[in-house]
Amino acid sequence: MTTYLIRRVAGTIPLLLGISTLIFFVVHLAPGDPTSLYWSEDTDPEVLRLMQHNFGFDRPLPEQYFRWLAGSFRGEFGYSFGHHRPVKDVIRETLPNTLILSAAAMVLIFTIGIAAGIVSAVRQHSFIDHAVTLLSFFFYSMPGFWFGLMMLLIFSYHLHWFPASHMTSLPFRYDQFSFWEKGVDRARHLALPALTLGLGAMAAVSRYTRTSMLEVIRMDYIRTARAKGLSEREVIVRHAFRNALLPVITLFGLYLPFLFGGAVLVETIFAWPGMGRVAVNAIFQRDYPLIMAVTFLSAALVVAGNLIADVAYSWIDPRIRRGEGREP
Amino acid sequence: MSRATVNFAHSRLAAAGGIAILLLVLASLFAPLLTPHDPDRQHLDGGIYLPPSVDHPLGTDKFGRDIFSRILYGGRVSLAIGFFAAAMSVTLGTLAGATAGYFRGVGEGVIMRVVDVLLAFPRLILLLALVALFHPSLVLLVVVLGLTGWMGTARIVRGEVLSLREREFILAGRALGFRAPRILFRHILPNVLGPVIVAATLSIGNTILIEASLSFLGLGVQPPMASWGSMINDGKEALTHAWWIATFPGLAVLVTVSCFNLVGDGMRDAFDPRFEP
């Protein structure tokens, strides 16, 4: 296990290097540098030159590259021109909110997705199987942001079941709440965004679980378990479910990029103060240091998520560590 | 249901999806004949925010433009971007995957590491960063969508080629002294065409979704040109008092992407003999 762990962790280092290199060179493909944002007819060229000097944009490209590389691994991403403060501070404020949203979506994806997939497989070709299949098919093909708008329209505007935006009620009310009321308030604000974010992946997980479960149910050891006289419930829960779940774990890593990408849209719709919304604003303001930081962080988080999923998988299934069986 | 019935039901669904795609393409091609109104014609006096009616089957937007007409014309944009970007990414992916799988060696290492790096990025965030650097245009959109979507195909094709290159008929080709391009294009690629066509079909649907997301954020297709995503963006502001503006373009995306997924899934089942739904 230890060697596998070391090998796997070591493998992420070139990946992270590649990620930060790609970001740096893509951003420097663009003409000009961030200070061109401040350019106008009557800007003193000397001022621009000084700014370029202060931020190091007049240095040779390789030097800038190594500065960015060293900085990105230390968590220093330079100065945000849009927020007028260090990128680090902007990230520290917004990243946790995005992680809360993604974690909530992840929980929905795997609980509802797996449950729907299992029911669908156990009752193959039943009405409920067809219903789940049809629904997952539509959810998978649906633009998530549009679904979010429809949720807003129905459940927030017409039915008033859920609030339409932000993470909590306004401070003057929220501060009056007791501990439990605060929890409920937060959960109510989280519900629609998390559902919107998770919907597509939830549909995919349910399909995947169903396929995996159907495969396992056909195995000899399931027949043996049934032949032993175990109840159907025991066969499904104790024997089939555990083995069917294995490949589903790898999906955790697979769906992370979609979650972070989707968070951009969901945070825009629900005014969720996270990194995705910051990213969109940074694009409109051409705030390059912030764009680079958000891009790097989202990719690095994906790498970390994949690492966790792989390690978890190999921990549960020893065949992977020994290099047998299917690769995750 | 027996396996045959299920397969038949699947292929019927896939055929229905195919026909629906054909109708969608025809409808957007012949949009001028089918639409009662000019999609960009504004009716600011009394024509704005009209709910669906006989004259405007899907209502009008804040400039009094007819939603139905704009959906058909927007379909041209969304479908064209989907087709061209998917064609580009699938071609790129096939070439990269075939090169990596057939020649192996350093080239394979480099290509597959690039694939790993690009797959680590959330595609939407990578696209945002790319679009932000340049002035948005249709060509730019197609190019960046093509450049960010080829990795999946590359992996699939590489896997197929890795196993094909050890087969007897490829060895025979090599023994006969065929050059690598001839073996690749005449003997290997025809054999990976199945998975490539499936990937291409699914990729069109996916690209339409991503394009809609970009346009929804205001970073894709620029006004006054209509695309489904930018129409949903227009409708976002008026959601509470004019629900039809955002709702119908979203349904258009849903129906279109569903059709491409139906056809793609159907073809995958057809190509995979082990498959049982």
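Below, chains carry the letters A, B, ... as their sequence lines are ordered, and counting in each starts from 1.
By the neighbour-count criterion of 12 heavy atoms within 6.0 Å, atom CD1 of A:Ile128 is sparsely surrounded, having that number or fewer from other residues, nucleotides or ligands. Shown here is A:Phe77, whose CZ atom has more than 12 heavy atoms of other residues, nucleotides or ligands within 6.0 Å.
Considering CG of A:Leu15 and CG of B:Leu119, their distance stands at 9.5 Å, rounded to 0.5 Å. Here CG of B:Leu219 is found 6.5 Å from CD1 of A:Ile283. Values are rounded to the nearest 0.5 Å. Between B:Asp265 atom CG and A:Phe137 atom CZ the span is 6.0 Å, to the nearest 0.5 Å. Taking CG from B:Leu127 and OG1 from A:Thr295, the interatomic distance works out to 11.0 Å, rounded to the nearest 0.5 Å. One distance of note links CG of B:Asn233 with OG1 of A:Thr268; it measures 9.5 Å at 0.5 Å rounding. Residue B:Leu209 holds its CG atom at 7.5 Å from OG of A:Ser141, rounded to the nearest 0.5 Å.
Among B:Val131, B:Leu251, B:Asn206, the residue making the largest number of heavy-atom pairs under 4.5 Å with chain A is B:Leu251. Options B:Val114, B:Asp116, B:Val255, B:Val117 differ in how many heavy-atom pairs under 4.5 Å they form with chain A, and the most are formed by B:Val117. Looking only at heavy-atom pairs under 4.5 Å with chain B, the residue among A:Ile19, A:Ile291, A:Val302 that has the most is A:Ile19. Chosen from B:Val253, B:Leu118, B:Leu217, the residue pairing most often with chain A at heavy-atom distances under 4.5 Å is B:Leu217.
You'll find the side chain of B:Phe216 reaches within 4.5 Å of the side chain of A:Leu149, heavy atoms only. Within the 4.5 Å cutoff, the side chain of A:Ile23 has heavy atoms near those of the B:Phe121 side chain. No side-chain heavy atom of A:Tyr157 sits less than 4.5 Å from a side-chain heavy atom of B:Leu239.
Only the side chain of A:Ile269 comes within contact range of chain B, with heavy atoms under 4.5 Å apart. For A:Phe284, the part lying under 4.5 angstrom from a heavy atom of chain B is the side chain only. The contact between A:Leu22 and chain B is made entirely by side chain atoms (from C-beta outward), counting heavy-atom distances below 4.5 Å. The contact between A:Ser298 and chain B is made by backbone and side chain atoms together, counting heavy-atom distances below 4.5 Å. At a 4.5 Å heavy-atom cutoff, B:Ile210 makes no contact with chain A through either its backbone or its side chain. If you measure heavy-atom distances from A:Met142 to chain B, the contacts under 4.5 Å come from both the backbone and the side chain. For A:Val303, the part lying under 4.5 angstrom from a heavy atom of chain B is the side chain only. Both the backbone and the side chain of A:Phe260 come within contact range of chain B, each with at least one heavy atom under 4.5 Å from a heavy atom of that chain.
Between the B:Trp243 side chain and the A:Leu153 main chain, no donor and acceptor come within less than 3.5 Å of each other. A donor-acceptor distance shorter than 3.5 angstrom exists from the side chain of A:Trp146 to the backbone of B:Thr247, with no hydrogens or angles considered.
In terms of heavy-atom proximity, A:Tyr140 sits nearest to B:Asn261 at CD2-ND2, 3.9 Å. Considering every non-hydrogen atom in both B:Leu124 and A:Gly261, the closest pair reads CD2-O, 3.2 Å.
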